[in-house]
Amino acid sequence: MYTVGEMLREWRHRRRLSQLDLAIAADVSARHVSLVETGRSRPSTEMILRLADQLDIPLRDRNRLLLAAGFAPRYTQRPLEDDALASAREAIGRVLRAHEPYPALVVDRGWNILMTNRAVDQFFAGVDPELLEPPVNLVRLGLHPQGLAPLVVNLADVRAVFRARVRRQLAVVADPELTRLYEEVLAPAGQDEEGSLALEADVVIPMTLRVDGRELNLFSTITTFGTPMDITLDEVAIESYYPADEASAAYFADRER
């Protein structure tokens, strides 16, 4: 079992910071950072959280740091349906509804879909019902032959985008669930697939879907909570899709009429 000092040192290495860099950012001495990492000084709760804040450590892992140091966890984790998260859930719902007629959905850190707006329903219509049994994973659904893959014209590019995003997540924090997802769905089959993001794009790489005999070009944005104190809220993200050209925008406008 790792000590709190060893865990903090690992996070510092992940962030590519020296002890001096972290010390300056946290307004402590480099010697104190060294003493904490080597176990010669027992950090207080406040010191652990100060260092964790500068290292941008997720709330779930801040709890692990506190437990390793012998303190009680600071952050709770409730289901999104919990009454305590009602105001946050309603805020998410407003964002989803306001984004219609364009599709938007909410995912957790493992890419499991938690909520969607009505515009998403049409894209799920032809999906194998087994893939829509909870928890529905967006990455599996998007790349599965019985899922959304038959609709995706530029499937190699979409797979490469998913791969890059999951790799960035894993570079930030080791996560067994994400690692399994990556190995199951996203691990490159060969050298050619590593370089599949070859699409020319002026601004962003769109996802191109063939729906109702038309090709729709969409790009996405990500919305997260700014200052969460609950692990669930810390890990959720709203994926909002926008038309990348006038023809795609017209398709959604026609469906709204």
Side-chain angles (χ1 to χ4, degrees), residues 79-81 85 88-166 169 181 184-186 196-197 199 201-225 232 235-257:
L80 195 55
E81 301 78 18
L85 299 184
R89 190 171 60 252
E90 177 55 31
I92 293 173
R94 285 197 296 268
V95 172
L96 293 178
R97 291 189 296 272
H99 193 64
E100 294 172 355
Y102 309 130
L105 46 81
V106 181
V107 295
D108 63 18
R109 72 171 183 167
W111 293 83
N112 299 305
I113 299 175
L114 304 178
M115 298 172 64
T116 67
N117 67 6
R118 291 178 302 172
V120 171
D121 295 345
Q122 63 168 311
F123 299 103
F124 288 179
V127 169
D128 185 332
E130 289 189 7
L131 292 173
L132 297 179
E133 293 181 0
V136 181
N137 187 275
L138 179 59
V139 177
R140 288 192 184 93
L141 183 67
L143 301 178
H144 197 283
Q146 278 76 52
L148 299 177
L151 303 180
V152 183
V153 176
N154 58 334
L155 187 61
D157 295 299
V158 170
R159 180 181 287 109
V161 169
F162 275 135
R163 180 183 297 125
R165 290 180 62 180
V166 173
Q169 286 179 268
L181 179 66
E184 174 191 343
V185 183
L186 297 171
S196 61
L197 263 182
L199 186 67
D202 292 333
V203 181
V204 294
I205 295 172
M207 174 175 61
T208 303
L209 302 177
R210 185 174 289 112
V211 180
D212 296 336
R214 299 165 67 172
E215 288 194 359
L216 309 179
N217 294 305
L218 307 176
F219 67 90
S220 66
T221 62
I222 304 169
T223 303
T224 59
F225 282 88
T232 295
E235 296 178 348
V236 300
I238 304 174
E239 294 264 340
S240 302
Y241 294 86
Y242 293 84
D245 52 44
E246 292 184 4
S248 300
Y251 170 84
F252 289 102
D254 291 343
R255 287 189 61 88
E256 188 73 356
R257 293 193 184 101

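Everything quoted here is computed from the prediction, not taken from an experiment.
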* Rounded to the nearest 0.5 Å, how far apart are OH of Y241 and CZ of F123? -> 10.0 Å

* What is the ring orientation for Y242 with Y102, classed by angle as parallel under 30°, tilted 30 to 60°, or perpendicular over 60°? -> tilted

* Pair T116-L96, side-chain contact (heavy atoms from CB on, under 4.5 Å): steps then yes or no -> CA-CA 7 Å; T116 67; L96 293 178; 5.9 Å; no

* Asked: Taking all non-hydrogen atoms of both residues, which atom of A244 and which atom of P206 are closest, and how far apart?
  -> CB-CB, 4.4 Å

* Does a side-chain N-to-carboxylate-O contact under 4.0 Å join R255 and E100? -> no

* Which atom pair, heavy atoms only, marks the closest approach of F252 to P101? -> CD2-O, 3.3 Å

* CZ of R159 to CG of L186: how many Å apart, nearest 0.5 Å? -> 8.0 Å

* Heavy-atom neighbours of R214 CZ exceed 12 at 6.0 Å -> yes

* Asked: Can you name the nearest heavy-atom pair linking V120 to A104, along with the distance?
  -> CG2-O, 3.4 Å

* To do: Test side-chain contact (heavy atoms from CB on, under 4.5 Å) on L131 and R140 and set out the steps.
  => CA-CA 8 Å; L131 292 173; R140 288 192 184 93; 5.6 Å; no

* Asked: With distance as the sole test, does N137 use its side chain to make a donor-acceptor pair with the main-chain N or O of G110 at under 3.5 Å?
  -> yes

* Should we say atom CD of E130 is surrounded by more than 12 heavy atoms from elsewhere, each under 6.0 Å from it? -> no

* Mind listing the closest non-hydrogen atom pair of Q169 and R109 along with its distance? => NE2-O, 3.1 Å

* Asked: How long is the span from the OH atom in Y251 to the CG atom in L218, to the nearest 0.5 Å?
  -> 10.0 Å

* To do: On the 0 to 90° scale, with breaks at 30° and 60°, tag the F162-W111 ring pair as parallel, tilted or perpendicular.
  => perpendicular

* Asked: To the nearest 0.5 Å, how far apart are CD1 in I238 and CD1 in I222?
  -> 11.0 Å

* Is a side-chain N or O of N154 found less than 3.5 angstrom from the main chain of T208, in a donor-acceptor match? -> yes

* Please round to the nearest 0.5 Å and tell me the distance separating atom CG of L85 and atom CD of E90. => 13.0 Å

* Asked: What's the shortest heavy-atom distance between S220 and E239, and which atoms?
  -> OG-OE1, 3.7 Å

* Check the surroundings of atom CZ in R165: do more than 12 heavy atoms from other residues, nucleotides or ligands lie under 6.0 Å from it? => yes

* Asked: At their closest point, which heavy atom of V152 faces which heavy atom of V158, and how far apart are they?
  -> CG1-CG2, 3.7 Å

* **Value rounded to 0.5 Å, distance of CG in L105 from CD1 in I92** => 12.0 Å

